[in-house]
Protein chains: 4
Amino acid sequence: MADPSPPLRPALRARYDRRQHEVVSAAARLFAERGYQATSIGDLTEATGLAAGGLYHYIGSKEQLLFRICDELLEPLLDEARTIVARDAAAAEQLRELLRAWLAHIERHRFHMLVFAQERHVIAHDQRWQKVRRQRKDFVQILDEVLARGEAEGTLAFADRRLLLLALLGMVNYVPQWLRPRGRLAVEQIADGFCDLILRAGAP
Amino acid sequence: MADPSPPLRPALRARYDRRQHEVVSAAARLFAERGYQATSIGDLTEATGLAAGGLYHYIGSKEQLLFRICDELLEPLLDEARTIVARDAAAAEQLRELLRAWLAHIERHRFHMLVFAQERHVIAHDQRWQKVRRQRKDFVQILDEVLARGEAEGTLAFADRRLLLLALLGMVNYVPQWLRPRGRLAVEQIADGFCDLILRAGAP
Amino acid sequence: MADPSPPLRPALRARYDRRQHEVVSAAARLFAERGYQATSIGDLTEATGLAAGGLYHYIGSKEQLLFRICDELLEPLLDEARTIVARDAAAAEQLRELLRAWLAHIERHRFHMLVFAQERHVIAHDQRWQKVRRQRKDFVQILDEVLARGEAEGTLAFADRRLLLLALLGMVNYVPQWLRPRGRLAVEQIADGFCDLILRAGAP
Amino acid sequence: MADPSPPLRPALRARYDRRQHEVVSAAARLFAERGYQATSIGDLTEATGLAAGGLYHYIGSKEQLLFRICDELLEPLLDEARTIVARDAAAAEQLRELLRAWLAHIERHRFHMLVFAQERHVIAHDQRWQKVRRQRKDFVQILDEVLARGEAEGTLAFADRRLLLLALLGMVNYVPQWLRPRGRLAVEQIADGFCDLILRAGAP
DNA sequence: TATGAATGAGCCTTCATTCAT
DNA sequence: CATGAATGAAGGCTCATTCAT
């Protein structure tokens, strides 16, 4: 799933990357609003102002566009998560940091997140989506390890840790569907609300 | 979104309904696995054994099929929920009953549920989907009222009831994505696990 | 390279086959006139009177159409050739029979032949065209064996049998390019003319 | 079909011509391998190392490239043929010389020859290809005249001169399809083999 | 000269749907 | 009831070509 021969000279390369990013963002918005399958290349040309050929200069294929959306989303989130758990801190504290980072990410990449959550069919089976599946899996594992560490520390004790993890994933993944740009709650509050929910459930 | 002229004589009508139900079930499975848009009429003919023309006897259109899936799902769930809250019982108890009914429903109609959750684009905007949107809204309101009643009773006290409701919706709606037919947890346990989570969060 | 699910009932099947054959013939003519690549599906719909979708009912894909053209051509020719060499006769006589059959085939399937000769690029490399390549190879081998048998019998003696075979292939394969339906020469005369050329070259 | 404004100063002009020739050769190879229509400008940029814009400096259009290939092929061959028949020699001897020149040409311009033979569709009808058609016709006529002269001299006597000419064209035009750079036979041997075939056929 | 961004028509194909049988 | 032939619009994508830089 490589770029369609991006330019080599640095100045051009920079412009190419910027434009590509613009295209990916526009696509993420449309995919989030209408669904990946229901969004046509025509919709994308309209949204980007590029003609079909020009668009393909930047995307390679419609599917690669989807791939890029997922990758732009997961790669930095995973990086951040790894940084957080690499630090030396109590599990409960790290959980809070993870949730804040996660929800800040959701706020910044709301459309990406919606698309990622929605298009599990495409992501689920095909060989070429393995990287994305692995990234998702890794992130979940980081969460689980923090919860497990809390149990090990003795600061947390869950009735069923696995179920709690699934509950957490559910509630956070659902956020992009109801979060509104200038809504009642800031994402930090949401993160803290969810964190408290988990910590209470795990109170020894 | 009416039926495509179902037969009038009772015996025929029964057979017609049965066959239609079979088609809807097959469609739900396929839509859940591949997505509504990505499932072609050809896939449906293959899955049902009917040819294209025969299929259309039962479905009217592809979109009506989706509609029927959502309707088969929401109507009985809403009925059950209304029955539960109509009874005289403590809020916490009713919440538990609601969650058990809900999750039992998810187990029975896992594919329907996946489809319903996934195809929010189709459901969201169009005039013809108002009924489904209303059913969903009504169900959420029933949940909210139970939580509110708990607060009124003084048995529950949430930091942010609205946020908790959204968390609940998130975790339950996520279940169909990970629930496996003969998995580790029975749906009652899942329901109780989630219920405990809520009740702890609302413990005064 | 299978049919796109042809009908099962015999009456329908017969009609399907007939129509398919008509489509293949029309395609052969167009491919011969304009080239395979230069002939668009639009050209084919115009020539057949079918709309695009209807056309695909019969062809599967444009490439399968090409495949069918080659197959319709080679299969019966090979059969005939095998029948001829299976009989007991002198090599020179069999050569004449082969050439007559070959040229009669060219006359009957002039467009098929032009297409087959022209589209060696498509035929040459791809895995899926192996069957066609084998058929061509088998036919050439039959010719070579007849010439070799003539040498073994002592009735023929070529300076370079391999070169003569290549000359023969060249002159016959070129015929479809200049043969005109009601031209000066009948195909039997052409066959005999070529045959005499070979026999003179091989006169001991 | 004029050049796209070649440069005027001689030094630049020389470089331009050299580069153009390189492009034409690369194109000939690709067209021969994949067919004219199936070769994209992208394939050509890859093969030449030029980008699309740079390529167009030298080619004018894809079709002109094809034209140049044919012209590079036919013009010198025709010149040579005219020189040969202008000399004073017996028909049989001239035929041999013609065939040797022709086959030497095929060896040197194998890809050009394959392209020319293959793309008769493009060449056949369009007004702009008249020059190429005339060149081909002239060459054939030169061959025919030599054969006719042989008959007039009484040294050759063909059953059907026209058919023999067509056989000759067929066998020679087929050579590029099987000739291998370091194959068993040198082109002189091929030329002589074919020449002997013709002379035997025309032996009085 | 040469680049590569951009165009837009056209490509092959799929698909929901209809209808004669 | 059911079939499968047929439609035609729309889909994603490619490609020869142009042009500002």
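Throughout, a chain's letter reflects where its sequence line sits, starting with A, and its residues are numbered from 1.
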### Query
Who is the Watson-Crick or G-U wobble partner of dA20(E), with both distances under 3.5 Å?
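Looking at the geometry, dA20(E) pairs with dT3(F).
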### Message
With nearest nucleotide decided by heavy atoms, which residue, Q37(A) or G49(B), maps closer to the 5′ end of DNA chain F?
### Response
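Mapping each residue to its closest nucleotide by heavy atoms, the 5'-most match is G49(B).
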### 5' priority, DNA chain F, between G42(D) and A52(C) [closest heavy atom]
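Final value for this comparison: A52(C).
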### Message
Under a plain distance cut-off of 3.5 Å, with no hydrogens placed, do E63(D) and W129(D) share a side-chain donor-acceptor pair?
### Response
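Judged by distance alone, the side chains do pair up.
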### Message
Ignoring hydrogens and geometry beyond distance, is a side-chain donor-acceptor pair present between H121(C) and Q37(C) at under 3.5 Å?
### Response
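No pair is found: no donor N or O on one side chain lies under 3.5 Å from an acceptor on the other.
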Measure [atom1]/[X] against [atom2]/[N] and give the value in whole Å, please.
| X | N | atom1 | atom2 | result |
| --- | --- | --- | --- | --- |
| L12(A) | dA2(E) | CG | P | 17 Å |
| E22(D) | dA2(E) | CD | P | 11 Å |
| K62(A) | dT13(E) | NZ | P | 19 Å |
| L44(A) | dG11(F) | CG | P | 11 Å |

So what does [X] hit on the nucleic acid, given a heavy-atom distance under 4.0 Å: a base, only sugar-phosphate, or nothing?
| X | answer |
| --- | --- |
| R13(C) | nothing |
| L55(A) | nothing |
| T39(A) | sugar-phosphate |
| T48(B) | nothing |

### Query
Toward the 5' end of DNA chain E, which comes first, G53(D) or G54(C), by nearest nucleotide?
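Its nucleotide being nearer the 5' end, the pick is G53(D).
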#### Entry: Toward the 5' end of DNA chain E, by each residue's nearest nucleotide, A51(D) or Y36(B)
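The residue mapped nearer the 5' terminus is A51(D).
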### Task
Answer yes or no: does atom CD of E46(C) have more than 12 heavy-atom neighbours from other residues, nucleotides or ligands under 6.0 Å?
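No, the 6.0 Å shell around CD holds no more than 12 heavy atoms from other groups.
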### Query
Is any side-chain heavy atom of Y58(D) less than 4.5 Å from a side-chain heavy atom of V24(D)?
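Of all side-chain heavy-atom pairs linking V24(D) with Y58(D), none is under 4.5 Å.
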